[in-house]
Every structure is written in C-alpha cells, then in structure tokens.
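Report on the following structure.
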Amino acid sequence: MSRLQVVSGKGGTGKTTVAAALALALAAEGKRTLLVEVEGRQGIAQLFGTEALPYEERKIAVAPGGGEVYALAIDAELALLDYLQMFYKLGAAGRALRKLGAIDFATTVAPGVRDVLLTGKACEAVRRKDRSGRFVYDHVVMDAPPTGRVTRFLNVNDEVAGLARMGPVHHQAQSVMRVIKSPETAVHLVTLLEEMPVQETADGVEELRAAGLPVGNVLVNMVRPRLLDEDAVRAATAGAARADNGGAVRLEAGGAVRTEAGGAVRAPSGDRRADVARALAAAGVGGAEQLVDPLFAQAAEHARRVELEREQREALAKLRVPAYELPLLGGGVDLAGLYHLARELRRELGVSDA
C-alpha cells in the first residue's frame, strides 16, 4: 500500500475516526505508523483518550502484533520555525519573530505557505530514514481537511505559484508535490450512504482527478446492518400501504383477523399483516393487534432506508473507485471501537502482514 495515506471526507462522516482506525490497521504485526493532524482540532487525542497532542511525535497506541501508532498535531507556526531554522539557520531570530507576531502573520496572510508547511511536515516523515537506511515509519496517515478543500490543500504547487517562483519555498513545494503526486500517496474519501455526502464524494473524486492527485478508496462509514431480507423488505413496503384494509387490525378468537370496521382483512399481495398479528398472539405477546401498525411502520421505514442506500451504492459504483464499508458502532466510538474498525479495514483492504 502507499506510504502516505490521506483521509478526507465531508464533515460528519467520521473521517478522523476512519483515519485513526486506518493507522491502527497499518501498524499491525510489528509495523510503525504516524497519524498526523493538520487542522488543530485535537480530534486524535480525544479518540485515543490522551491529553492534547504537542508539536512532537508521540506514541499513542500499540497495534495487534506489537506494532506502534505515533501521532503528531502539526502546528503551522512551529513548522515555519523549523523551516526557517532548516533553510536559513534563524534559530533565535526565528523565535524572536514569533514573539513579534511575524510568524502568525506569515501563516495567516499567505495560506498557501501554511499548506506547504503542513503537508511538507507530513511528507518529511514519509521520507525520513534511520541510521540503517530504513524508513522510520512504514506508513504516514494524514487526517486531512474536508473534501471541499482537500484538493486545494494538497495541490500546494498551485497555491505557492504566485508567491514564490524560485528559492527555498518553491523547492519545498516541489519536493512535497513529488511525494503527493507519486504512487507513494493515496487519497481516500470517507462518506455515508446518504445523498449529500455521496454527491460531495463524487465532486471530490472529480476535483482530485482533475488536479492529477492519486485517488485511493471510498470508505463508506457507519453502515447500518440489514435487518430484513429482500422478501421481507417487499412485504414491509406492501404492508405499509394498507388503504384497502380499512384501518388498524383486530385479532379475534380462533385467529381471525379483521379491521376495526369489522371486515375481514383483504391484504394486498405480499402483505403479511394478518400473519404478523397471529404470530404475535401465538407467541403470547399481549395487545398484539396494537403492535401490528407500529411494527409495519418501522419495517416500512427500514425498507425506505434500504432503497436509499441501494441508490447511493449505485451512485458510488459510477465513480469507478474501490469502495469499502465500515459498520455503524451502536455504542459510539471508543478505543475498543477503533480497534474493531481497524480489524474491519484490514479485512476489507486486504492489508498484508508481510
């Protein structure tokens, strides 16, 4: 797999959760990953239940098989100080500039430079090697900005074109782009099986391709389980449309099912309302006749949800991008949930232990 894994997605899709789970998945069996945050939200610290991350690489989790996950919250101002020291040897002078507010001014007035610094720090971690010549990190996972601006964020060469056509900033941007536009990088988009997130994912894929950036996978998050098979879905849909039945049903002695108006239920094809009423009574459920309507209403709502999800899966298939699904965690996302999602990702993506 690519060594730089960029994870983006529409707000509310759980992109930070998926990025963290991916870092755990890639770290299994003795690997080492770096999970990078670039938006200053401290979402990674919250997920792993740790204190706020400083501007330094810190181990935050151990993966199955002894792998390690490190995390880094990149601060643009501190990254600029590193940059000034690296290229201009400004050490103390750079710190003085920060006290004067010049560093904050530079990263605010020139957002292209800010993006170069943020992406540059991640790319430096991708390329970094130890004394033996081995890469320090097997993979770097970036929790990137949302889909709507991830292309601009990654395409830093265009961002700095009007600011620096030569010199260290220009060379830094070129160095970053050599990593980001190479097979070393994959940009994954997190979505939900809902119309707006899927449309934003489609727009994001189009923008990434137009910019020549490497599209990885679509990761469909929070997928609800299928509670009914196809026959049951059709029956639920038929049961919801009960205009010919004259209203709520009533169960009589001997198992006869009648409407409140007294007529026998004449169910449309596929309507199992009478069967459900009898089954509830046979199971000893009290007030069975009052439960039929709410049960069929819930089943009909599930059937509508299944149809919506089918439509969204068809829309995603048209993107010609591999799509993988992650389950909805009913109890919310805690550390155990992250490890569960990591196992699902390893299975779905076929991550090798080698």
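Numbering of residues begins at 1 and proceeds along the displayed sequence.
Using a 4.5 Å heavy-atom threshold, the side chains of Tyr55 and Ile74 count as touching. Under the 4.5 Å side-chain criterion, counting only non-hydrogen atoms from C-beta, Val218 is in contact with Thr191.
Remark: Ala211 engages Thr151, Asn155, Leu213 in a side chain to side chain contact (heavy atoms under 4.5 Å, CB included) (not counting sequence neighbours).
Residues Ala45 and Ala52 come closest through the heavy atom pair CB-CA, 4.2 Å. Among all heavy-atom pairs drawn from His340 and Leu329, the shortest one is CD2-CD2, 3.6 Å. The shortest non-hydrogen separation linking Leu53 to Ala71 is CD1-CB, 3.8 Å. For Val179 against Arg127, the heavy-atom pair with the smallest separation is CG2-NH1, 3.4 Å. Between Val38 and Asp143, the shortest heavy-atom distance links the atoms CG2-O, 3.5 Å.
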Would Thr50 and Arg58 count as a side-chain contact (heavy atoms from CB on, under 4.5 Å) here? Give the steps. CA-CA 11 Å; Thr50 67; Arg58 173 176 293 182; over 6 Å; no

Could you walk me through whether Ile44 and Leu47 pass side-chain contact (heavy atoms from CB on, under 4.5 Å), step by step? CA-CA 5 Å; Ile44 294 172; Leu47 277 173; 5.7 Å; no

Would you check, one step at a time, whether the test salt bridge (charged side-chain N to carboxylate O under 4.0 Å, His left out) holds for Glu206 with Arg209? CA-CA 5 Å; Glu206 183 179 354; Arg209 285 172 172 165; over 6 Å; no

List the steps, then state whether side-chain contact (heavy atoms from CB on, under 4.5 Å) holds for Val6 with Phe153. CA-CA 11 Å; Val6 180; Phe153 172 77; over 6 Å; no

Pair Leu34, Leu72 - check side-chain contact (heavy atoms from CB on, under 4.5 Å), show working. CA-CA 7 Å; Leu34 177 65; Leu72 171 65; 4.1 Å; yes

Start with the C-alpha gap between Arg128 and Glu124, add the side-chain angles, then the distance that decides, and say whether salt bridge (charged side-chain N to carboxylate O under 4.0 Å, His left out) holds. CA-CA 6 Å; Arg128 193 190 312 157; Glu124 181 277 325; 2.9 Å; yes

Please test Arg313 against Glu325 for salt bridge (charged side-chain N to carboxylate O under 4.0 Å, His left out), starting from the C-alpha separation and ending with a verdict. CA-CA 10 Å; Arg313 285 188 176 97; Glu325 297 188 357; 2.6 Å; yes

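The CG atom of Leu35 sits 12.0 Å away from the CD atom of Gln5 when rounded to the nearest 0.5 Å. The CD atom of Gln199 sits 11.0 Å away from atom NZ of Lys10, with the distance rounded to the nearest 0.5 Å. Between atom CD of residue Glu184 and atom CZ of residue Arg178 there is a gap of 11.5 Å, rounded to the nearest 0.5 Å. Cys123 contributes atom SG, which lies 6.0 Å from atom CE of Met142 (distance to the nearest 0.5 angstrom). Taken from CD in Gln312 to OG1 in Thr201, the straight-line distance is 10.0 Å, to the nearest 0.5 Å. A distance of 8.5 Å separates CG of Asp75 from CG of Leu118, quoted to the nearest 0.5 Å.
The number of heavy-atom neighbours closer than 6.0 Å to CD of Glu56, taken from other residues, nucleotides and ligands shown, is above 12. Residue-environment remark: CD (Glu195) stays at or below the threshold of 12 foreign heavy atoms within 6.0 Å. By the neighbour-count criterion of 12 heavy atoms within 6.0 Å, atom CE of Met196 is sparsely surrounded, having that number or fewer from other residues, nucleotides or ligands.
Listed for the Glu37 side chain is a donor-acceptor partner under 3.5 Å among the backbone atoms of Gly43. Between the side chain of Thr119 and the backbone N or O of Leu154, no donor-acceptor pair lies under 3.5 Å. Not a single donor-acceptor pair under 3.5 Å links the side chain of Thr33 to the backbone N or O of Ala27. In this structure, Asp334 contributes its side chain and Ala336 its backbone to a donor-acceptor pair below 3.5 Å. Judged purely by atom type and a 3.5 angstrom limit, His188 uses its side chain to pair as donor or acceptor with the backbone of Asn217. A donor-acceptor pair is defined here as one N or O able to donate and one able to accept, closer than 3.5 Å; such a pair exists between the side chain of Arg3 and the backbone of Tyr137. In this structure a side-chain-to-backbone donor-acceptor pair under 3.5 Å is missing from Glu200 to Gly9. Judged by distance alone, with hydrogens and angles left aside, the side-chain atoms of Ser8 form a donor-acceptor pair with the main-chain N or O of Pro145 at under 3.5 Å.
Taking hydrophobic clusters as Ile, Leu, Val, Met, Phe, Trp and Tyr residues chained together by side-chain heavy-atom distances below 4.5 Å, Ile60 does not share a cluster with Val62. Under the 4.5 Å side-chain heavy-atom criterion for grouping Ile, Leu, Val, Met, Phe, Trp and Tyr, Val141 is not connected to Phe135 through any hydrophobic cluster. Side-chain heavy atoms closer than 4.5 Å link hydrophobic residues (I, L, V, M, F, W, Y) into clusters, and following such links, possibly through other members, connects Leu335 to Leu345.
Using a 4.0 Å cut-off between charged side-chain N and carboxylate O, Arg305 and Glu301 make no salt bridge. Between Lys15 and Glu39 there is a salt bridge, with a side-chain nitrogen of the basic residue lying less than 4.0 Å from a carboxylate oxygen of the acidic one. Salt-bridge check for Arg304 with Glu307: failed, with every basic side-chain N at 4.0 Å or more from each acidic carboxylate O.
Through direct or relayed side-chain contacts under 4.5 Å between Ile, Leu, Val, Met, Phe, Trp and Tyr, Met222 connects to Leu192, Leu328.
For the residue pair Thr13 / Asn221, no side-chain donor-acceptor distance below 3.5 Å is found, with atom types taken as modelled.
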